[in-house]
Amino acid sequence: MKKIVKYLCYCLPLLGLAMGCNNDDGLSEFQPDTNKSGEVTLLASIENASSRASMIATGEARWLRNDAIAVLCNDNSIEVFTLDGTGETRKALFKGTVEGKTVGEYAFYPASVTYADGLLSYTLPSEVTATSAGECSLMAGKINEKNEVEFKQFMAYINLKINGVSSSTNKIVVSADNNLSGAVSVDVNKGMESGLPATAGDATLSILIPDGASSAINAIVAIPVGDYTSLVATAYDKNGNKEGETVLISGLTAITRGLLLSGELAVEGRKPIPGTVDVAGIYWATGNLEYEVGGQSSEGFAEGWRIAPHTAHHYHIASGGGDLKDLTDYNKVAHFNFGGIASPFDNKLESAAALATIDPAFDFSGKMYTDRHCTSATTDFAAAKFGDLAYWASNGKYRTPSAADFVALYTLASRVQATYTLDGFPVKGTYFTNPIDGGEPVIDTETVKELTDEDLQVGLFLPWSGRAYAANDFWLYGVNSIGVYRTSTVNLNSTVDATNGTIYRVSNLVEKESNSKGLNGAFYHAGWGANGRYAIRPIYIDGNYSPEPEPEPDPTPTPDPDPTPEPEPEPEQKPELGTLPSPAPVEGDWGANTPGGSISENPYGGGDL
C-alpha cells in the first residue's frame with residue numbers, strides 16, 4: 001500500500017492531487033457481497049492524513065498492488081486478505097477465504113501485526129529504503145455489516161525534502177526524545193481514537209539513500225504520537241561523517257494521529273581533504289604507499305615511509321617498462337606482501353599473514369596484530385608485526401583499501417585507460433572519475449586518455465607499476481603494463497595453509513561476470529599469493545581531518561597614552577614528531593643501482609596532510 005509512510009519516495013504522486021487517478025476507481029457505488037465466511041470480499045478505504053506547516057503534498061493515501069491486510073475472525077485468529085486489482089486508489093477490494101469461522105470485528109495493516117486480548121503488536125522498523133516497502137505505518141479499522149472498513153491512521157508522518165544528495169550520501173537518521181523504532185503495542189480501540197502512543201527513549205529511524213538517487217528526494221516516515229521536545233534529521237556519508245542536519249521540532253510540541261509534518265534538509269556534501277581525491281565516496285590518497293631507505297617521510301609517517309610525491313609516481317618509471325630482473329635489494333619499495341608489517345617487502349611466507357577464510361571474509365583494514373594468524377590484536381604500533389601496513393606506516397592516518405572499497409570504485413566510478421607524462425616518462429594506468437551529474441558510470445575500453453593536471457585534481461589515477469613475483473624475491477614483472485593493487489580482505493578461496501588476499505588488477509578495465517580465479521571484479525592466483533607483492537593505494541581515514549578554524553579578526557586596538565613596548569614573542573616551536581620502527585633491512589648489499597625515477601615538483605602531487 002503506497003500510503004504516506006510506506007515508501008521513501010523520489011517524488012510524491014501518492015501524496016499529491018489525484019493527477020488523473022480516480023480516488024476510488026469507480027468503487028464508491030460498488031456493493032461487495034456480505035458473506036462473513038467462505039470467499040469474502042472487503043471494501044477498504046484509508047483515512048487521509050491532515051496537513052500541517054508548508055506542505056509539499058496533501059496527505060492522500062493510496063493502496064498499492066499486492067498489498068495485504070490482516071482480518072480478525074470470531075475465534076481471534078487472523079486471516080490475510082490480498083488486494084484485488086492494481087492499486088493506486090484510496091479505496092480497494094481485498095479478498096480472502098474464511099473457513100470454519102466468520103469474519104470478526106477488525107482489520108489491521110500491515111498484515112504482519114499480531115493481535116491478542118484487544119492489543120495490537122508490531123515492530124516499527126529501524127531502517128527504511130527507497131527499494132523497500134518499509135511497512136512503517138500502522139492502521140486498523142472496524143468491519144461493518146456491509147463488509148466495508150475504513151482504516152484509521154495510528155501514527156503521524158514527516159515529509160522530509162532532502163536537497164543536495166550526492167553519491168557519498170548514505171543515510172538520514174531521524175532522532176527524537178521518544179523511540180521511533182522497535183517493538184510497540186496499543187489497544188486497538190484507543191489506537192483508532194488517539195493513535196500509537198510514543199514512549200520515551202532514543203531508538204532512531206534511518207532512511208537509507210540508494211545508489212543513483214537524484215540530488216533532491218523526499219523521504220516520508222511515520223512516528224508515534226504524543227508530546228515531543230526534540231526531533232532532528234541528520235545526514236551522514238558512507239564513512240559516518242555528518243553531511244547536514246535540520247531541527248524539525250524544538251520545544252514542546254503535540255504530535256497527533258494522522259498529522260503530516262514537513263521539513264527540509266540541506267545535505268552539505270563532502271568537503272575536499274588535502275592530499276586526497278574523492279571518488280566513489282572514498283577519500284583516496286593522491287599517491288601509492290612507498291618506502292625508501294633514508295628517504296623523505298610524509299608528515300606523521302614512520303621513518304622512510306610516505307605517500308608517493310605524485311599520483312603517477314613509482315620508483316621504476318625511468319625503466320621504460322617490462323620485467324626488471326636486476327633488482328637486488330629493498331632500497332626503494334612500492335610493492336608489498338599480504339598483511340606483513342615487520343617484513344612487508346620479501347617473498348617469504350612467514351613474513352605474510354596466514355588466515356583461513358571466515359564468513360564474512362577476514363578484513364584487517366585499520367587493524368594491527370602481533371601474530372601471523374591475526375588473532376592477537378594490538379594498538380601498539382611498536383608491537384605490531386602483521387595487519388594493515390598503510391595504517392601502521394601512517395600512524396593511523398590511512399588504511400589499506402578493503403575489497404568492498406574496490407567494489408564501490410568499480411560499481412560507482414567511470415574508468416578509462418590513461419597516460420600521464422611525468423618527468424618526460426609516459427606512465428600508463430587506469431583513471432577513475434565520478435559519473436557526470438550523478439549519471440551512470442562509463443567504462444571506456446577504446447580510448448587512451450592523456451591526463452592533464454586538472455584531471456588529476458578530480459579523478460583517481462592508479463599507475464600500472466607491475467607486480468613482484470612470489471617465486472623471485474627481487475623480480476618486478478610487467479612495469480607499465482600490469483596494475484595490481486592489494487586489499488586488506490582475505491580471498492574467499494583461501495585456506496589457512498595457502499592464504500590469498502583479494503587483489504584488484506586494474507589494468508583489466510572490464511569487470512568479468514565470472515572469474516574462476518577470484519571474486520567478481522577481483523583476481524587471485526595461487527602463484528600470486530600472500531607472499532606476492534603488489535602496490536597499495538591508501539585510503540584516508542576521514543575522522544582524522546579537522547579543517548583549520550577561520551581566524552578571528554583582530555580587535556581594534558585602543559590607543560595607550562603611554563604605551564610600553566611589548567617584548568618580542570619567542571618563535572613558535574613545533575613539536576617533533578615521533579618516529580615509528582621501520583622494517584628491518586634485508587641483509588646484503590643495499591645497492592645503489594636500484595632503478596628509480598626522479599620527480600619534479602608538481603602542484604597536484606601527493607600533498608601531505
Side-chain angles (χ1 to χ4, degrees), residues 274-277 279 284-299 301 304-336 345 390 393 398 415-433 447-468 474-485 506-507 533-538 590-609:
T276 72
V277 60
V279 177
W284 302 86
T286 52
N288 288 352
L289 184 65
E290 294 183 345
Y291 174 73
E292 181 174 351
V293 174
Q296 179 67 44
S297 304
S298 291
E299 183 179 350
F301 278 54
W305 290 88
R306 68 179 183 177
I307 299 298
H310 190 280
T311 191
H313 180 261
H314 58 85
Y315 284 122
H316 307 292
I317 57 174
S319 67
D323 298 353
L324 302 177
K325 304 180 183 180
D326 58 344
L327 306 181
T328 59
D329 55 47
Y330 299 123
N331 188 40
K332 298 178 179 180
V333 185
H335 299 83
F336 310 101
F345 311 144
Y398 288 86
R415 55 189 182 270
V416 64
Q417 182 179 337
T419 300
Y420 183 86
T421 301
L422 180 62
D423 288 347
F425 299 102
V427 180
K428 294 181 181 179
T430 301
Y431 180 64
F432 298 85
T433 53
T447 306
V448 178
K449 181 178 177 63
E450 292 287 338
L451 296 177
T452 66
D453 290 335
E454 288 73 21
D455 292 326
L456 299 183
Q457 287 183 292
V458 297
L460 172 67
F461 182 61
L462 298 180
W464 299 349
S465 58
R467 65 180 179 89
F474 300 106
W475 185 359
L476 192 61
Y477 172 75
V479 176
N480 235 24
S481 63
I482 292 178
V484 191
Y485 283 78
V506 299
S507 43
R533 284 141 297 149
Y534 313 103
I536 293 176
R537 176 58 64 94
W590 284 94
N593 297 323
T594 303
S598 63
I599 177 170
S600 61
E601 292 184 3
N602 189 290
Y604 307 118
D608 293 331
L609 290 169

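All values derive from a computational prediction rather than experimental measurement. Numbers here are sequence positions counted from 1.
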message: Holding to side-chain contact (heavy atoms from CB on, under 4.5 Å), I want the full list of residues that pass it with A334, two or more places apart in sequence or in another chain.
response: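 side-chain contact (heavy atoms from CB on, under 4.5 Å) list for A334, sorted by chain: E290, Y315.
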task: Could you tell me which residues satisfy side-chain contact (heavy atoms from CB on, under 4.5 Å) with V333, sequence neighbours excluded, listed by chain and number?
output: Y330, F336, F345
Gap between atom [atom2] of [Y] and atom [atom1] of [X] - 0.5 Å precision:
X	Y	atom1	atom2	value
H310	F461	NE2	CZ	9.0 Å
S298	I307	OG	CD1	5.5 Å
L422	H314	CG	NE2	9.0 Å
T447	Q417	OG1	CD	9.5 Å
L476	S465	CG	OG	7.5 Å

- prompt: Backbone N or O of L460 within a donor-acceptor pair of the W284 side chain at under 3.5 Å?
  reply: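 Judged by distance alone, no pair lies under 3.5 Å.
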query: Which heavy atom of G459 sits nearest a heavy atom of V277, and at what distance?
result: O-CG2, 3.3 Å
task: Provide the closest heavy-atom pair for S319 versus V479 in the form atom of the first, atom of the second, distance.
output: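 Scanning both residues, the minimum pair turns out to be OG-CG1, 4.0 Å.
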So, using side-chain hydrogen bond (donor to acceptor under 3.5 Å, both in side chains) as the criterion, who are the partners of [X] when residues are at least two apart?
X	result
N288	Y485, R537
D323	none
W464	T430

- request: Using the side chain to side chain contact (heavy atoms under 4.5 Å, CB included) rule, take T419 and L451 through it: C-alpha gap first, then chi angles, then the decisive distance, then the call.
  value: CA-CA 6 Å; T419 300; L451 296 177; over 6 Å; no
message: Going by the rule ring pair (Phe, Tyr, Trp, His ring centres under 6.0 Å), which residues pair with Y477 if we only count those two or more places apart in sequence or in a different chain?
response: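 Scan of Y477 (ring pair (Phe, Tyr, Trp, His ring centres under 6.0 Å), adjacent residues dropped) gives Y469.
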statement: Contacts of Y431 meeting ring pair (Phe, Tyr, Trp, His ring centres under 6.0 Å) (sequence neighbours excluded), chain-then-number -> none
Quick one: are [X] and [Y] in side-chain contact, heavy atoms under 4.5 Å?
X	Y	answer
Y420	D453	yes
I536	H335	no
S297	R306	no

message: Apply side chain to side chain contact (heavy atoms under 4.5 Å, CB included) to residues N480 and V427 and explain how you reach the verdict.
response: CA-CA 7 Å; N480 235 24; V427 180; 4.2 Å; yes
message: I'd like to know whether L327 forms a side chain to side chain contact (heavy atoms under 4.5 Å, CB included) with H316, so could you lay out the CA-CA distance, the side-chain angles of the two residues, the decisive distance to 0.1 Å, and finally the verdict.
response: CA-CA 11 Å; L327 306 181; H316 307 292; 4.0 Å; yes
message: Could you work out, with salt bridge (Lys or Arg N to Asp or Glu O under 4.0 Å) as the rule, every residue matching K449, not counting sequence neighbours?
response: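 So K449 forms a salt bridge (Lys or Arg N to Asp or Glu O under 4.0 Å) with D455.
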